[in-house]
Amino acid sequence: MTSELSKTFDPSSIEQRWYNHWEDNGLFRPERPDAQPFTIVNPPPNVTGSLHIGHALDNTLQDIVIRYERLRGKDALWVVGIDHAGIATQMVVERQMEEKQDKRTNYSREEFVQKVWDWKAESGGTITGQLRRLGCSMDWSREQFTMDEHFSKAVLKTFVDFYNDGLIYRDKRLVNWDPKLKTAISDLEVETQDIKGQFWHFKYPLADGVTLADGRDYIEVATTRPETMLADMAVAVHPTDERYASVVGKEVVLPITGRRVKIVEDEHADPELGSGAVKITPGHDFNDFEVGKRAGIAAGDMLNMLDSEANVCQTADGLVPDEYLGLHRFKRDGTDGARELVVKQLKELGLLIPHITKTKKGEELELDSEPRTIATPFGDRGGVVIEPWLTDQWYVDAEKLAARPMEAVRNGDIEIIPQSWEKTFFHWMENIQPWCISRQLWWGHRIPAWFGPKVSGDKISYDFSGQIGCETFVGIDEQDVSLQAEKIYSKVGFNQVAVFDSYEDLITSGILAKGHEKTVALWRDEDVLDTWFSSGLWPFATLGWPDENAPLYQKHYPNDLLISGFDILFFWDARMAMQGMKLTDQAPWKRLYLHGLVRAADGSKMSKSKGNVVDPLGLIDQYGADALRFFMAAMESQGRDIKMDDERVKGYRNFATKLWNATRFCQSNGIGGSTTLEAPAATSAVNRWIIGEVAETLAKLDAAMADLRFDAAANIIYHFTWDTFCDWYIELVKGNFDDETKAVAGWVLDQILVMLHPFMPFVTEELWNAQADRANYPLITAKWPEFSASVDADAKAEVEWLIGLTSAVRGAKNELGVPPGQKLEAYCPAPSALAADAIARNSAAIERLARITTIHTSEAPDGAAMQIGAGSDTLIIPLEGLVDIDAEKARLNKALEASAKEAKSLEGRLSNANFVERAKPDAVEKAKADFAHHSAEVERITAALARLG
RNA sequence: GGGCGUAUAGCUCAGUGGUAGAGCACUACAUUGACAUUGUAGGGGUCGGGAGUUCAACUCUCUCUACGCCCA
């Protein structure tokens, strides 16, 4: 029994209902213990996130694959969860506090972290509801969070194991410091932008009366960051630069600070650039850091002149004048900073070399500096200029971890799709830098490292200023580290270990006071881990790792596929591969599919600041989730960004409506759901033909899905449904719904619903259930088409002959201005066997579609007529009184010209001996056939023209 | 500076070593019969420029131009 469908298709009335039904009945992951596994993990969206159009694309593609594999009977698992997103989340909560004139530091760490959890409970994870609206069939029953206890344990274990393997180490070096968020960030989180800046030229006076060969008593240096001169530690010149050869090893006296610094040789100084001499600030510039090290300055001795907010602080040698202390590094909010003051003072000292330029009028103009475009680093979250800052941080030796993923891609264990991304992947992996994983935040996975006093001889000494000089203990908990500590400190007479959660806790405890002489105190590292360090474990920690016997891990790891945007190839994908291969000894997924960005209609990047963001939920409201999903699939060719196009989404909404109405029509003719996977027995050509078409469509669809060609897959099912099924099959069988046809039509419609389901889950499920009572056999867990029938060549030829005839008649009538509804008779004096059969068996269809009442097998009467071709047959349709002969002549002449041109070109090719000898045999065969066809066409049309006079 | 990618119908995009396709838009016609969220038919492209390889290039190679992205 079918259930009646409403006259118009309203997506919003069915989506919620079906989604709840699927989820409530556990249909996203039915029990299939013996089935072959298929696994995808969803890139965990940020807990602060809401669904944007990029998520819509990424998740639609994943859902298509998961629904497809589920229909194919696999134990399809789509892991879903949320990322705690350290920086982003802390920012959200801090911003909310700011609105209430409150701030993080008004609270203890524990209190603040609790507030973040409260916020998460209240408004975190909005996106999970939005993914449901898109129809995504994840396994929500196992939804995870990267701060869940089991996941946190995996993160801890990873850190401890990596540390013990020497893959994680602590180092003092320059980091990318975000002075707004007051945390280190990794080099991937830095975005370089070209901004307008200035280039200043200074004189650094030579010390001790030394002069250059040309007599000058100073060295000229240039900089885009004058303020850093307060921490200059050298001037570098190129070893081959003869201008400075005589002063290498001598000193300059820095203006303002009066610091004496050496002139050193270093390849970094480019003789071609400016004066050829460069100032060296090892504590505040990545290049200078390396120069400084080469010049023998240890990282610990490098001068630092900025605090965590990039305000000037006193350097270790105490030479920064008081008036600078507390100034911001440069002008901010209209207030001059250290940069402006340095320039002003140097100018007053006569040590600023002006930049001479000319105005438009040709007058000479003296400027303090030369205008320049400067590549400037910005933090991707905080949005302020990044400060290279000398700190102790935790690093992952990424270079060691990179080898195996590269090998996996080379040997095919990991397939990157599209392949063009391989080069980018290799380029990054080959040049990979140490990965800074510590973050100065409160929200995140706390680093499991504790520091203790340094042991020297039989004494211990506490140093709270930095940690590099401390004893370091890394372990899974306090007990673990205190055992480690006991071993070290018991040797020098300390048999008690007290462990503190922070340096402050240690101090407030009073443990260092008298009375605790035998107790040694440890304090925990305050920092948390980079969020990506934890999300790198996602493909396996979500499945139970590190318990390698966990059933899910056993069955579903490695994952089959990962789908992500190319923008997180380095951030996430590469790190999953690095961590995964080290920890599990296997590539985390077999295939890595990278898709592009969804852009605004004009091709620009969507961004909140531009205000051109398209809300996927708005599109769902307007056109339905199915239409949006189909759009995403149809536009996803491998390797190209997708431009948003509402009209196209609308077009796919229309497609859903078309299917809806076709189903309605079927129902009104007593066509219901099929009861067999196997195609019904069919005798009529039309029915045999459509079954064969389903077989062909299925094969093409499976091939497209195997290659992850989402666009091809979507187009195949679209055209089969609309063109083949609706426009031809239904039209051909209309008015002739015998039992066989009803059975076949019902079966074909079911195959469409199944094949379309991964793309348009809602409307297909609705129609599936409307077609029959299928409460126990919902479409989401139905079976993918599986039948033995294949293409029937005779039926195909016959139906294609009918279609050819119909199209030809319609086209000719249209061109000649004959009303489409006009019924006519035709003459086919010498029909081919195919034509004779087709005519005999399909007279009703021919009359209805081609509007030809009778096809006589006698000679056509003289007089005005139009001539059309169907297959290799010619039909003459008298049009006495209906048409103007000149119009028919013009139409025929046009066709003649086209065929003659084609025939001539083919003839030329066939008479070329080189072609006949060297071309592939089928190419020659095809050319011959085409030539025969066009020659015949020429003859036919010529005859017709002759008949018309 | 290095790397990658893209240039195909008015627009958005597929595509194959054998002379080009889709959707939308456009034009004409149709229409109370599943569907105007429709049907039928049609117009429209020297496949960015140039050179080369080949019997044959939109497709392969080189080069130029334009645009985009990533890295330094």
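Order of the sequence lines fixes the chain letters, A, B, ..., with proteins taken first and strands second; residue numbering starts at 1 for each chain.
Taking every side-chain heavy atom of A/K658 into account, B/U38 is the closest of B/U38, B/G23, B/U37. Taking the side chain of A/N654 as heavy atoms from C-beta on, and the options B/U37, B/C71, B/C69, the nearest nucleotide is B/U37. Comparing B/A34, B/G43, B/U6 by their closest approach to the side chain of A/R640 singles out B/U6. Picking from B/U37, B/G18, B/A22 the nucleotide with the shortest atom distance to the side chain of A/T657 gives B/U37.
For the OP1/OP2 pair of B/G3 and a distance below 4.0 Å, the side-chain nitrogens and oxygens of A/K423 include no atom meeting the criterion. An OP1 or OP2 oxygen of B/G39 is reached within less than 4.0 angstrom by a side-chain nitrogen or oxygen of A/W722. Contact annotation: A/K920 side-chain N/O to B/G18 OP1/OP2 distance is not under 4.0 Å. Phosphate contact (OP1/OP2 of B/G42, side-chain N/O of A/R810, threshold under 4.0 Å): absent. A close approach under 4.0 Å does not occur between any side-chain nitrogen or oxygen of A/N669 and OP1 or OP2 of B/A34. One finds a side-chain N or O of A/S637 lying less than 4.0 angstrom from the OP1 or OP2 phosphate oxygen of B/A14. Side-chain nitrogen and oxygen atoms of A/K734 include at least one within less than 4.0 Å of the OP1 or OP2 phosphate oxygen of B/A34. Contact check, A/K643 against B/U12: a side-chain N or O comes under 4.0 Å of OP1 or OP2. OP1 and OP2 of B/A14 both lie 4.0 Å or more from every side-chain N or O belonging to A/R709.
For the pair A/R410 and A/F426, the cation-pi criterion (under 6.0 Å, within 45° of the ring axis) is fulfilled. Both tests hold for A/R909 against A/F915: distance to the six-membered ring centre under 6.0 Å, angle to the ring axis within 45°. The cationic group of A/R648 does not satisfy the cation-pi geometry with A/F631, failing either the under 6.0 Å distance to the six-membered ring centre or the 45° limit from the ring axis. In this structure, A/K734 is positioned above the aromatic face of A/F665, its NZ or CZ under 6.0 Å from the six-membered ring centre and within 45° of the axis.
Side-chain atoms of A/E765 and A/N769 include a donor-acceptor pair closer than 3.5 Å.
Remark: P of B/C71 and CD of A/Q193 are 12 Å apart, rounded to the nearest angstrom. One atom, CG of A/D727, and another, P of B/A22, lie 14 Å apart when rounded to the nearest Å. Rounded to whole Å, the distance from CZ on A/F570 to C1' on B/C4 is 10 Å. Atom C1' of nucleotide B/A30 and atom CG of A/N814 are separated by 10 Å, given to the nearest angstrom. As a whole-Å value, the separation of A/L910 CG from B/U19 P is 12 Å. A/L188 places its CG atom 8 Å from the P atom of B/A72, with the value rounded to the nearest Å. In this structure, the CD atom of A/E647 is 9 Å from the C1' atom of B/A25, given to the nearest Å. A/M635 places its CE atom 16 Å from the P atom of B/A22, with the value rounded to the nearest Å.
If you check B/C4 for Watson-Crick or wobble pairing at under 3.5 angstrom, you find it paired to B/G68. Remark: B/C35 base-pairs with no nucleotide in the shown strands. Criterion, Watson-Crick or G-U wobble with two distances under 3.5 Å. Searching all strands for a Watson-Crick or G-U wobble partner of B/G18 with both distances below 3.5 Å returns B/C55. Across every strand in view, B/C24 sits in a pair with B/G10 that passes the Watson-Crick or G-U test at under 3.5 angstrom.
Distance noted for atom C1' between B/A14 and B/C58: 13 Å (whole Å). Straight-line distance between the C1' atoms of B/A72 and B/U16: roughly 39 Å, to the nearest whole Å. Taking atom C1' on both B/G10 and B/G44, the two are 9 Å apart, rounded to the nearest angstrom. With P as the reference atom, B/A41 and B/A56 are 39 Å apart, rounded to whole Å. One P atom belongs to B/G2, the other to B/C13, and the distance between them is 29 Å to the nearest Å. Using C1' as the reference atom, B/C70 and B/G17 are 33 Å apart when rounded to the nearest Å. Nucleotides B/U53 and B/U63 have their C1' atoms positioned 15 Å apart, rounded to a whole Å. Only the P atoms considered, B/G15 is 15 Å distant from B/G21, to the nearest whole Å.
Across A/L756, A/I690, A/N715, a single residue satisfies side chain to side chain contact (heavy atoms under 4.5 Å, CB included) together with A/F720, and that is A/I690. With respect to A/F630, the ring pair (Phe, Tyr, Trp, His ring centres under 6.0 Å) criterion is satisfied by exactly one of A/F710, A/F655, A/F762: A/F655.
Positionally, the nearest nucleotide of RNA chain B for A/N914 lies more toward the 5' end than for the other of A/N914 and A/K605. Judged by closest nucleotide on RNA chain B, A/S420 is the one of A/S420 and A/A919 placed further toward the 5' end.
Within 4.0 Å of A/R664, counting heavy atoms only, lie sugar-phosphate atoms of the nucleic acid but no base atom. Looking at heavy-atom distances under 4.0 Å, A/C726 makes contact with a base. Within 4.0 Å (heavy atoms only), A/N715 reaches no atom of the nucleic acid at all. A/E731 comes within 4.0 angstrom of a nucleotide base, judged by non-hydrogen atoms across all strands.
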Start with the C-alpha distance between A/K928 and A/D930, add both sets of side-chain angles, then the distance that settles salt bridge (Lys or Arg N to Asp or Glu O under 4.0 Å), and finish with yes or no.
CA-CA 5 Å; A/K928 281 183 181 164; A/D930 289 351; over 6 Å; no
